[in-house]
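Let me begin by presenting the structure, written as structure tokens, before commenting on it.
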Amino acid sequence: MAFAPGRIYQGSNLRQDIIFYDDLGAQTDPAAVVFKTYDPCGGTATYTYGTDTAVQRVAAGEYLADIVPTRAGRWRYRWEATGLGQAFAQEGNFVVQVSPFFDDVETGYALP
């Protein structure tokens, strides 16, 4: 699944969702669900369903992750699941725009 269309700015709440299916095509819950992010400066974060409130279960097999990117640049994310008969992973990325309302010294952007 993708983020809503349009520009993404620093400090915006983003929601990414995913649906897991079994071999017969029915939505099913994995044994473990993990959402990971990799920010433009190389920082990583891991959010685990049942431990972190950022990952929530919506319905059988359907999960979402809420994050708030604070750095401008290309972010990467990865969903991981186990217990569906094999390990599963899905990756994607998105770009966060520079905002004059954030002091983003770490990315090297010069703000006015």
Side-chain angles (χ1 to χ4, degrees):
M1 300 294 169
F3 291 107
R7 292 180 182 253
I8 300 170
Y9 290 97
Q10 297 162 279
S12 299
N13 186 47
L14 298 179
R15 177 167 283 178
Q16 174 66 29
D17 59 351
I18 192 165
I19 300 175
F20 298 102
Y21 298 95
D22 64 15
D23 292 341
L24 302 175
Q27 288 184 210
T28 189
D29 290 320
V33 176
V34 175
F35 184 75
K36 296 181 177 182
T37 60
Y38 182 85
D39 73 36
C41 294
T44 60
T46 300
Y47 308 95
T48 303
Y49 172 70
T51 303
D52 300 298
T53 58
V55 178
Q56 302 168 29
R57 181 180 180 270
V58 178
E62 189 174 347
Y63 294 80
L64 61 84
D66 287 320
I67 61 168
V68 179
T70 56
R71 293 186 174 119
R74 182 165 306 277
W75 286 67
R76 290 165 174 76
Y77 65 88
R78 177 180 171 100
W79 283 102
E80 295 178 353
T82 57
L84 299 172
Q86 62 184 12
F88 171 85
Q90 179 178 327
E91 296 183 0
N93 66 80
F94 58 93
V95 175
V96 175
Q97 304 296 315
V98 175
S99 171
F101 296 97
F102 277 79
D103 183 13
D104 204 1
V105 176
E106 292 182 9
T107 60
Y109 291 111
L111 301 177

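We use all heavy atoms of the structure for the numbers below, so side chains are in, but hydrogens, waters and symmetry mates are not.
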Between [X] and [Y], is any pair of side-chain heavy atoms under 4.5 Å apart?
{"X": "Ile67", "Y": "Tyr47", "result": "yes"}
{"X": "Thr48", "Y": "Thr46", "result": "yes"}
{"X": "Tyr63", "Y": "Trp79", "result": "yes"}
{"X": "Tyr38", "Y": "Arg78", "result": "no"}

Rounded to the nearest 0.5 Å, what separation is found between the CG atom of Asp17 and the CG atom of Asp66?
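One finds 10.0 Å between CG of Asp17 and CG of Asp66.
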Out of curiosity, Gln90 CD to Glu80 CD, how far, rounded to the nearest 0.5 Å?
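It is 12.0 Å, given to the nearest 0.5 Å.
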Worked check of side chain to side chain contact (heavy atoms under 4.5 Å, CB included) between Ile8 and Leu14:
CA-CA 8 Å; Ile8 300 170; Leu14 298 179; 3.7 Å; yes
[X] and [Y]: which non-hydrogen atoms are nearest, and at how many Å?
{"X": "Ser12", "Y": "Pro69", "result": "O-CD, 3.3 Å"}
{"X": "Arg71", "Y": "Cys41", "result": "CD-SG, 3.7 Å"}
{"X": "Gly83", "Y": "Ala31", "result": "CA-CB, 3.9 Å"}
{"X": "Val96", "Y": "Tyr9", "result": "CG1-C, 3.7 Å"}
{"X": "Ala72", "Y": "Pro40", "result": "O-CG, 3.3 Å"}

Donor-acceptor pair, side chain of [X] and main chain of [Y], under 3.5 angstrom:
{"X": "Asp52", "Y": "Ala54", "value": "no"}
{"X": "Gln56", "Y": "Leu64", "value": "no"}
{"X": "Asp29", "Y": "Gly61", "value": "yes"}

Let me check something: do Tyr77 and Val95 share a hydrophobic cluster, defined by ILVMFWY side-chain heavy atoms less than 4.5 Å apart, either directly or through other members?
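As far as the 4.5 Å side-chain criterion goes, Val95 and Tyr77 are not connected within one cluster.
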Tell me whether Arg76 is salt-bridged to Glu91, with the criterion being a basic N under 4.0 Å from an acidic carboxylate O.
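No, this pair does not count.
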Taking it one step at a time, do Val33 and Phe20 satisfy side chain to side chain contact (heavy atoms under 4.5 Å, CB included)?
CA-CA 10 Å; Val33 176; Phe20 298 102; 4.0 Å; yes
